[in-house]
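All of these numbers come straight from a predicted model, not from anything done at the bench. Residue numbers begin at 1 in each chain, while the letters A, B, ... track the order of the sequences.
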Amino acid sequence: MSTSPTYDPATIEPKWQEYWLTNKSFAAVDLDGSREKLYVLDMFPYPSGAGLHVGHPEGYTATDIFCRYKRMKGYNVLHTMGWDAFGLPAEQYAMQTNTHPSVTTQKNVDNFRRQIRAFGFSYDWDREINTTDPGYYKWTQWIFCQLYKKGLAYIDEVAVNWCPALGTVLANEEVINGRSERGDHPVIRKPMKQWMLKITAYAERLLADIDTVDWPEGIKEQQRNWIGKSIGGEVDFAVAGRSETIRVYTTRPDTLFGATYMVLSPEHELVATITTPEQRAAVVAYQEAAAKKSDLDRAEAKDKTGVFTGAYAINPVNGQQIPIWISDYVLISYGTGAIMAVPAHDTRDFAFAQTFGLPIICIMEPDAKAAEAEGVAVADVLAGKACWPGDGAMINSANAEVSLNGLPKAQAIDTIVAWLEKQGIGTKAVNYKLRDWLFSRQRYWGEPFPVAHMEDGSIKLLDEELPVLLPEMEEFAPSGTGESPLANAKDWLDYTDPATGMKGRRETNTMPQWAGSCWYYLRYIDPKNTEAGWESAKEKYWMPVDLYVGGAEHAVLHLLYARFWHKVLFDCGCVSTKEPFQRLVNQGMILGLSYKDARGALVPNDLVEERDGNFVHKDTGETLTEFPAKMSKSLRNVVNPDEIVARYGADAFRLYEMFMGPLTAMKPWQTKGVDGVYRFLHKAWRMIVGQDGELSPEISDAPMTAEQERLLHQTIQKVDEDTNNLSFNTAISQMMIFVNEFSKASQRNRAAIEAFVQLLAPYAPHMGEELWQLLGHGTSLTHEPYPVYDAAKTKASEVEIVVQVLGKPKARLMMPADAGTAAMEAIALADDKVQAALAGKSVVKVITVPGRLVNIVAK
RNA sequence: GCCCGGGUGGCGGAAUCGGCAGACGCAGCAGACUUAAAAUCUGCUGACCGAAAGGUCGUACGGGUUCAAGUCCCGUCCCGGGUACCA
C-alpha cells in the first residue's frame with residue numbers, strides 16, 4: 001500500500017482512529033496474570049455545551065503517552081474515559097428552553113466523545129461510563145445505602161441560602177453581598193432539612209493516610225490544612241450565680257491565668273439562659289443581625305463586634321469573675337462554640353478587648369529573640385499594650401495548688417491540663433476544622449436519594465428497589481418552596497411500602513455532583529456488571545489507581561470526598577486498598593495569550609492589532625505588552641482545539657501541548673508554537689518517506705556511523721527515561737535532535753529508523769502507525785516491544801573537557817572519556833592556552849571531575 | 001495575614017548528587033534554491049566593550065559558603081494558586 005508522499009494528518013488520523021476502534025487495540029484484559037497491571041486514570045470531564053477547551057487534552061495527552069509507552073513495555077494497561085454528566089448547567093438550560101437535561105447531556109457527551117476520539121487517545125472505549133446512566137447511578141445510590149446503614153448519613157437542619165424572590169436555594173458562590181447573583185434579590189439564611197455525610201468520623205484516618213500516597217506535597221498540605229487537626233484542651237467555666245457551666249476549647253490551656261473574659265458564639269445554646277434582663281434586648285438584636293449575615297460576610301468583617309450578656313463566668317484557676325460576651329468572631333461550628341479570651345496572647349482576643357476596653361493581663365514573658373524578630377517590644381507585652389501569641393516563659397500563673405511560672409509553653413500546657421483533669425473540670429481534646437459534608441441539593445438533575453419519608457415519621461431505605469429512577473418531567477422550574485423540582489412530580493412523589501402498605505413521600509433532594517465522581521474509578525473496573533458495582537476479584541487485580549492526572553482545582557474537595565467514600569467501602573470489605581489513588585499528578589493550567597496596557601489592565605484580543613511588530617490598542621493606539629491570562633470569553637483568548645486539529649492534525653496538537661513546558665507548570669498557549677512541532681513532524685516524515693510515497697531510498701541496512709549509533713542510543717535512553725518520568729518536553733527535544741541529524745545523512749539505517757518510529761509513536765501515534773506500516777509491518781505497533789539502548793554505546797571514546805583556571809573556562813580539550821584524574825591534569829597543564837592563563841602564577845591545586853572538567857587553582 | 005508553588009535571552013523553556021548557563025523550539029537577521037512567493041535548506045542570534053583577537057557582566061535583589069553557585073545557606077522584593085476570625 002502506498003502512502004501520501006507528504007505528511008497529511010487529515011488522511012492518516014481518521015484511518016488509524018477507525019483501526020484502533022474496530023480492532024479494540026486498547027482493550028484492558030481483566031485478571032491477566034501474565035503481565036503487570038497498570039491503572040492510569042484521567043479526571044473525567046463534565047460535558048459542557050461549550051465542548052473541550054485546550055486544557056482538557058493536556059492531561060489526557062500526558063496519560064495517553066504514558067499508557068502507550070507502558071503497553072510497549074509489556075504492561076496490561078487500564079485506561080478509560082467517561083462523563084461526569086449530572087450538574088447545574090443542563091438543568092438551567094432546561095429551565096430556559098424546556099429541553100430535558102438528558103437530551104442536552106446526550107448531545108454534549110456525543111460532542112465530547114467525538115472531540116476526544118479525534119485526538120487518538122488510547123482509551124478502552126468498551127468501558128465508557130456516564131454518571132447519569134441509571135445503570136451507573138444505581139450503584140451510586142447503593143453506596144449511599146452503605147453509608148446510611150453505617151450511620152454515616154443523617155438528616156440535619158442546616159442554614160442554606162434561601163432566596164424568596166427566586167423561590168430557590170442558592171450555592172454560596174451564587175450569593176454576592178447577601179443578594180442573589182441573578183436578579184439581585186435578597187438572600188436569607190434559612191434552616192432546611194438536609195442530608196449530611198459524617199466525613200468527620202474519618203478525619204483522623206484521612207489525615208494519617210495522606211502520608212502513604214505519592215502526591216504533590218502542596219496538595220497533601222492543602223488536605224491537611226482542610227482537615228485542620230489541632231490539639232488542645234477543654235475547660236469548664238462555672239457561670240457565677242447559676243448551675244450551668246460553659247465548656248470552652250482552647251489550644252492554649254497554658255494561658256488560662258490570662259483569661260479576662262469569655263465569648264460565646266451568638267448561636268450558643270446557653271446565651272438565652274444566662275443573658276440578664278437588662279442586656280436581653282441588645283443580645284437578641286445582635287443575634288438577629290448575625291443570623292442575617294452569610295458566612296462570607298462574617299468572615300469579611302474586619303472590625304470586631306459583640307455584646308455583653310450581663311453574666312459572669314468564674315475562672316477556675318483563680319476564682320476571678322470574668323464577663324461573658326457574645327460575638328460572631330466565635331463560630332458555633334468549631335470546638336464548643338465558646339472560648340476563653342486571653343487578649344494578651346491571642347491577636348483576635350486582643351483586638352476585641354481593645355475595641356471594648358476589656359482588661360489585658362500578660363502572663364507570659366516573650367522570648368526576647370523571637371520578640372525582636374517580630375518587632376514586638378517586650379515591655380509593651382508585659383504592660384498589656386501589645387499581643388504576644390508566641391512562646392516564652394510563664395509569669396503571674398500560679399494558685400495555691402499549681403504554678404506554671406517559669407515554664408515554657410509546652411510544659412505549661414501539660415502541667416495545667418494535668419491539674420484540670422485532677423479537678424475534674426478539664427481534659428485534653430482534639431479538634432478538626434473539617435465539617436460534615438452537606439450532601440443534598442435542591443435540584444432535578446442529580447441522583448435521587450433511595451429514601452422515602454414514611455407517614456409514621458420513619459425513614460425507609462429503598463435499597464431493594466435500586467435504581468430509584470428520576471421521574472420524567474416537563475417542567476424544571478424550582479418548586480418555590482425551597483424543595484427541588486422533584487416536589488412537583490406528583491405521581492413519583494407518593495410511595496407505598498409494598499410489604500406493609502404504609503404510605504410515604506419520596507425524598508426530593510438529589511445528590512451533589514461530587515457523588516458520581518466519588519467512585520467512578522471503581523466502575524471502570526467492571527462497567528457492565530448488573531449484579532454489583534464491581535466484582536471483587538477484578539477490583540483486587542486493578543486497584544489502586546497507579547497514576548491519576550487532573551487539575552489542581554480538585555485538590556481538596558473531590559479528592560477528599562473520594563478518599564472518604566473509599567475508606568467507607570474499605571470498612572465494608574468492598575475494596576482492598578486503604579487509598580484509591582496511589583500517585584497523583586496535577587497538570588498546569590494552559591493560559592491564553594492576552595495583552596495589557598501600561599496600567600496593567602488586560603485588553604480583549606479583538607481590540608488588539610499588530611503594527612510594525614508591536615501590539616497596539618486598535619482604538620487608542622497605545623502600545624500593549626503580551627501577557628498570559630486565564631482563557632475567558634471576555635478576553636477572547638480562548639483557543640478551540642477543533643480548529644487546531646483541523647489545521648495541524650491531532651499529532652501536532654498533542655506534541656505541542658507536551659512541548660510547551662513541564663506537565664505540571666502553568667503555560668501560555670501560543671499557536672505560533674504549533675508550527676515548530678508541525679515542522680518537526682513533516683521533517684520526520686520526509687526522513688522516512690520518499691517522493692513517491694514509498695519508503696525513502698535513503699533507508700537501507702547499511703551500518704550506522706559511530707556518531708549515528710551513539711545518537712540513536714542516547715535518544716532511546718533519553719526518550720525512555722523522560723517518558724517514564726512524564727518529562728515529555730525534553731523527550732521531544734531529543735527526538736528533534738535525532739531527526740535533525742539523521743535527515744542530513746544520505747544513509748539511514750533501517751533499524752535505527754524503526755527504533756525512532758517506536759519512540760515517536762506514543763507521542764504522535766497516528767504517524768507512528770502509518771510509518772510502521774510503511775516500514776513493512778502488518779500490524780499495529782501498540783504492543784511491539786519498546787526499543788532498548790546499550791549504555792556502552794551512548795558514550796563517545798573522546799569527550800570535550802573544559803579546563804578552567806580559577807573557575808573561568810580557558811580551554812576546551814578533547815580527552816579520552818575514561819581518562820583518570822592524573823591523565824586529565826597532565827593534558828590540561830600541557831595546553832598552551834592554559835599555560836598562558838597560568839603565566840606568572842603557581843599552581844596551588846587541581847580539581848578534576850572525570851568526563852566533565854578540570855579546574856586549576858593558582859596564585 | 002497564613003500555607004504552597006514560582007522568578008533563567010525578545011518569547012516558551014533546558015541545565016539542579018554544585019561542574020562549559022541558555023539544549024530544543026518560536027520570533028528575528030543573513031544567505032541558498034525560485035521569474036517571484038510559499039515551502040525547504042544553511043549560518044547567526046544574552047548584554048556591554050572591541051576592527052579583531054579577546055575581555056567584562058549576566059539566572060528577581062542583597063549578603064554568605066565553595067576551587068566552582070541558576071543549583072546550597074541567611075535576608076528582601078515581586079508574581080501565581082489555595083485559604084481565611086478554626087480559639
Side-chain angles (χ1 to χ4, degrees), chain A residues 6 216-222 224-226 228-230 232 248-253 255 263 265 295-296 298-302 304 327-331 333-342 345-349 351-352 389 431-435 552-553 555-556 586 588-589 591 593 613 625-626 628 630 655-656 659-662 664-677 679-680 682-683 686 727 729-737 740 743-744 800-812 844-858:
Chain A
T6 56
E217 218 29 69
I219 300 287
K220 295 209 275 190
E221 200 54 31
Q222 275 187 60
R224 288 190 193 104
N225 291 341
W226 193 264
K229 181 179 184 175
S230 75
V248 303
Y249 172 73
T250 176
T251 55
R252 295 293 303 276
T255 61
V263 186
S265 157
D295 286 345
L296 214 67
R298 277 170 73 151
E300 273 172 1
K302 287 281 173 282
K304 294 277 182 285
S327 171
D328 63 8
Y329 86 91
V330 174
L331 307 177
S333 48
Y334 184 78
T336 61
I339 62 154
M340 64 176 209
V342 185
H345 304 288
D346 181 285
T347 53
R348 296 151 303 180
D349 297 346
F352 190 84
N431 250 295
Y432 301 91
K433 282 200 273 188
L434 185 67
R435 311 285 161 78
E553 65 272 20
V556 178
N586 294 123
M589 197 192 306
L591 302 174
L593 187 61
T625 49
E626 284 186 338
K630 245 184 217 183
L655 219 45
Y656 175 63
F659 188 61
M660 286 168 83
T664 54
M666 201 180 263
K667 320 165 260 281
W669 176 278
Q670 291 179 7
T671 299
K672 263 278 168 202
V674 186
D675 285 324
V677 293
R679 275 178 214 148
F680 160 70
H682 272 283
K683 205 166 170 178
R686 283 197 306 272
S727 302
N729 53 332
T730 49
I732 294 168
S733 294
Q734 184 65 39
M735 288 190 278
M736 287 174 168
I737 294 170
N740 287 344
S743 294
K744 286 178 196 161
E800 191 183 79
I801 301 289
V802 172
V803 182
Q804 301 177 333
V805 174
L806 288 167
K808 307 236 181 228
K810 292 293 173 188
R812 290 174 174 82
V844 177
K845 190 171 155 189
V846 179
I847 290 126
T848 58
V849 182
R852 288 215 171 252
L853 62 54
V854 178
N855 189 8
I856 301 165
V857 187

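A:Ile737 comes within 4.0 angstrom of sugar-phosphate atoms only, judged by non-hydrogen atoms across all strands, and of no base. Using a 4.0 Å heavy-atom criterion, one finds that A:Val857 contacts the sugar-phosphate atoms exclusively. Nucleic acid contact class of A:Glu800 (heavy atoms, under 4.0 Å, all strands): base. Backbone-only engagement by A:Ser230 is indicated by non-hydrogen atom pairs under 4.0 Å involving sugar-phosphate atoms exclusively. Residue A:Lys433 is classed as a base contact, given a heavy-atom separation below 4.0 Å to a base. Looking at heavy-atom distances under 4.0 Å, A:Asn855 makes contact with a base. Residue A:Arg224 is classed as having no contact, given no heavy-atom separation below 4.0 Å to the nucleic acid.
Both A:Tyr249 and A:His682 sit near RNA chain B, but only A:His682 has its closest nucleotide nearer the 5' end. Projected onto RNA chain B by closest heavy-atom contact, A:Gln804 and A:Gly807 fall at different nucleotides, the more 5' of which corresponds to A:Gln804.
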Notebook entry, point to check: When every nucleotide of nucleotides 4-14 of chain B is labelled 5' to 3' by its protein contacts under 4.0 Å (heavy atoms), B for base, S for sugar-phosphate only, - for none, what sequence of letters results?
Noted result: S------SBSS
Note to self: I'd like to compare against my own output: the B/S/- annotation of nucleotides 42-48 of chain B with a strict under-4.0 Å heavy-atom distance to protein.
What the structure shows: S------
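Distance, A:Leu591 CG to B:G81 C1': 12 Å, rounded to whole Å. Atom P of nucleotide B:C3 and atom CD of A:Gln222 are separated by 14 Å, given to the nearest angstrom. Counting to the nearest Å, the P atom of B:C67 and the CD1 atom of A:Ile847 are 7 Å from each other.
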Check: Given the rule that a pair is Watson-Crick or G-U wobble with both distances under 3.5 Å, how would you write RNA chain B in dot-bracket, using | for pairs to a different strand?
Finding: (((((((..(((......[....))).(((((.......))))).((((....))))..(((((..]....))))))))))))....
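Using a 4.5 Å heavy-atom threshold, the side chains of A:Leu434 and A:Trp226 count as touching.
Nucleotide B:G9 is shown with a syn base, its glycosidic torsion being within 90° of 0.
Within a 6.0 Å sphere centred on NZ of A:Lys630, heavy atoms belonging to other residues, nucleotides or ligands number 12 at most.
By the side chain to side chain contact (heavy atoms under 4.5 Å, CB included) test, A:Thr730 pairs with A:Lys718, A:Asp722, A:Ser727, sequence neighbours left out. Checked against salt bridge (Lys or Arg N to Asp or Glu O under 4.0 Å), A:Lys744 has the following partners two or more places apart in sequence or in another chain: A:Glu741. Checked against side chain to side chain contact (heavy atoms under 4.5 Å, CB included), A:Ser230 has the following partners two or more places apart in sequence or in another chain: A:Tyr249, A:Thr251, A:Tyr334, A:Asn431.
The side chain of A:Ser733 places no N or O atom within less than 4.0 Å of a non-bridging phosphate oxygen (OP1 or OP2) of B:G25. Distances shown here put every side-chain N or O of A:Arg679 at or beyond 4.0 Å from the OP1 or OP2 atom of B:C24. For A:Lys845 and B:U66, the shortest distance from a side-chain N or O to OP1 or OP2 is not below 4.0 Å. OP1 or OP2 of B:C41 lies within a sub-4.0 Å distance of a side-chain N or O belonging to A:Arg686.
Atom CZ of A:Arg812 and atom CD1 of A:Ile801 lie 12.0 Å apart (nearest 0.5 Å).
Using modelled atom types and a 3.5 Å distance limit, the side chains of A:Lys433 and A:Asn225 yield no donor-acceptor pair.
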